[in-house]
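Letters go in sequence order (proteins before strands), and every chain restarts at 1.
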There are 2 protein chains.
Amino acid sequence: MQIISNSFTEENYLKAIHKLSRKNPTGVSTNSIAEVMETKASSVTDMVKKLAVKKLINYKKYQGVTLTEKGRKAAVSVVRKHRLWEVFLVHSLGFKWDNVHEIAEELEHVQSDELVDKLDKYLGFPKYDPHGDPIPDSEGNITYHKDMCLSDLDPSEAGVVVGVKDSSSSFLQYIEKMKLILGAKVRVEEIIDFDRSMSISINGKLVGSISESVAKNLYIKRT
Amino acid sequence: MQIISNSFTEENYLKAIHKLSRKNPTGVSTNSIAEVMETKASSVTDMVKKLAVKKLINYKKYQGVTLTEKGRKAAVSVVRKHRLWEVFLVHSLGFKWDNVHEIAEELEHVQSDELVDKLDKYLGFPKYDPHGDPIPDSEGNITYHKDMCLSDLDPSEAGVVVGVKDSSSSFLQYIEKMKLILGAKVRVEEIIDFDRSMSISINGKLVGSISESVAKNLYIKRT
DNA sequence: AATTAATTTTAGTCTAATCTAAAAATTATA
DNA sequence: TATAATTTTTAGATTAGACTAAAATTAATT
Ligand SMILES: [Mn+2]
Ligand SMILES: [Mn+2]
Ligand SMILES: [Mn+2]
Ligand SMILES: [Mn+2]
């Protein structure tokens, strides 16, 4: 099998399709890809045609797309690089976790396989990135552990923060200020019917209330 | 002053022009740029027009180009990133020095200034890259120290290897096999008139003979 | 089932970067 | 200095990726 590398743009599309495939395993819509890629649906159609020719995705007009095994491997490889670089930026270089996503967005496209594997070793084969997302192994396997959100807990239930769904700077800064960082023990004290906001305590201390939208973006392991 | 970032291609052109400017301070020819960039002269003409519009170079038809201060800063920034990443690859990740140039060629285009400065600090503010080339400081200053080649020495003169002119894998592998690595003490024993090849000793031990072309690609500090 | 709404695709245009072939300018040489 | 050789620029085409506007298809509502 010859190795033909994909362009930055192609890699970003593959990554977007891979991300969307978790919620839409039977087929990812043109519009949803356009939204993630911050582009127009017509541009997506052009690109998916090209990716289909390269056998990276399965595409039939109007039917949505799925990744082929080749495409999945390519997508996961980019995800692996992204998350390993994020670990490097935070743990080696001392970046804050809310400041690494954009840089990793560039670093993830650097080609060398040897580089990725040496970086992985250098970092001590980390399992999770700074946002709690699992790092795929060099074979392309990912072990997801995050299926429950803080918003899924009922009053008096508790859990540990294991990840964030939204990696935007503003969200990360907000939850850091609230001490809702990875590893924090959260207990739901009360849920307000009106807007589904909840008052919570962290590590045993009452800290106030957070909106439903915030609770939906925090992954929890129930205790 | 607004910060408008340059494309990979523009950065590579600026780097090429900067490199050629050392030998041609009064103006770099279209053809010489084409050679370094491995492209056609007509493509160079198109690009230099664009770089001139962006005030990165001075360009008058048929006259050759020079970097503006803005262009010089941009070029040196890329060089700085290239060399710092090479140090990281060799010293942190354990790459061989003959295997880092291509990877650095990609890494040099990652944008963040904060990244470069944190990397610089992480590496202990190195002065030279693995090939002996000086690393520009964050202000854009470069202190060149390499003006003499091994081929400039006369018989019975000696010096220390401080850098290589050619960073190709094959050259680096050859001189490593010859133990002609950075820091090696070289003494010229004899120069053959016929082809200007020289027999040398390294660290006091006679090692045989090298061609003039090899000697021309080794920077030396005379002792 | 028919109509409306939403989604998706097509057609045509644009920009960046490249190329070939030909014209223009410069440099070297007789 | 006139001619030839070399270098550089222009003209015109191509490709990747994106966009707008319009057509085609599918989904949702009467
Ligand atoms: Mn990216
Ligand atoms: Mn992350
Ligand atoms: Mn480069
Ligand atoms: Mn180097």
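- Along DNA chain D, the nucleotide nearest to K40(A) and the one nearest to F8(A) differ in position, and the one closer to the 5' end is contacted by F8(A).
- T9(A) comes within contact range of the sugar-phosphate backbone alone, with a heavy-atom separation under 4.0 Å but no base atom that close.
- Between the CE atom of M47(A) and the P atom of dC19(D) there is a distance of 11 Å, given to the nearest Å.
- Taking atom NZ of residue K61(A) and atom C1' of nucleotide dT9(C), one finds them 7 Å apart after rounding to whole Å.
- The nucleotide whose nearest atom lies closest to any side-chain atom of N31(A) is, among dT8(C), dT9(D), dC19(C), dT8(C).
- Heavy atoms of Y59(A) sit under 4.0 angstrom from primed sugar atoms or phosphate atoms, though from no base atom.
- Computed from coordinates, the D46(A) CG to dT9(C) P distance equals 10 Å when rounded to whole Å.
- You'll find a donor-acceptor pair under 3.5 Å spanning the side chain of S42(A) and the base of dT20(D), going by distance alone.
- Protein atom CG of N6(B) is 13 Å distant from nucleotide atom P of dA16(C), rounded to whole Å.
- No side-chain heavy atom of Y219(B) sits under 4.5 Å from any side-chain heavy atom of V164(B).
- Atom OH in Y62(A) sits roughly 6 Å away from atom P in dT25(D) (whole-Å rounding).
- OP1 or OP2 of dC19(C) sits under 4.0 Å from a side-chain N or O of T39(B).
- In this structure, a donor-acceptor pair under 3.5 Å is absent between the side chains of S42(A) and T45(A).
- Atom NZ of K165(A) is surrounded by more than 12 heavy atoms from other residues, nucleotides or ligands within 6.0 Å.
- Atom P of nucleotide dA16(C) and atom CE of M37(B) are separated by 17 Å, given to the nearest angstrom.
- Protein atom NZ of K60(A) is 17 Å distant from nucleotide atom P of dT25(D), rounded to whole Å.
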Audit row: L182(A), H131(A), side chain to side chain contact (heavy atoms under 4.5 Å, CB included) steps and yes/no | CA-CA 8 Å; L182(A) 299 204; H131(A) 313 105; 5.9 Å; no

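- One can place NZ of K49(A) at 14 Å from C1' of dA16(D), the figure rounded to the nearest angstrom.
- To the nearest 0.5 Å, atom OH of residue Y59(B) and atom OG1 of residue T30(B) are 6.0 Å apart.
- At the heavy-atom level, T30(B) lies under 4.0 Å from the strands shown only through sugar-phosphate atoms.
- For T45(B) and dT10(D), a side-chain-to-base donor-acceptor distance below 3.5 Å is absent, hydrogens and geometry of angles not being considered.
- OP1 and OP2 of dA16(C) both lie 4.0 Å or more from every side-chain N or O belonging to Y13(B).
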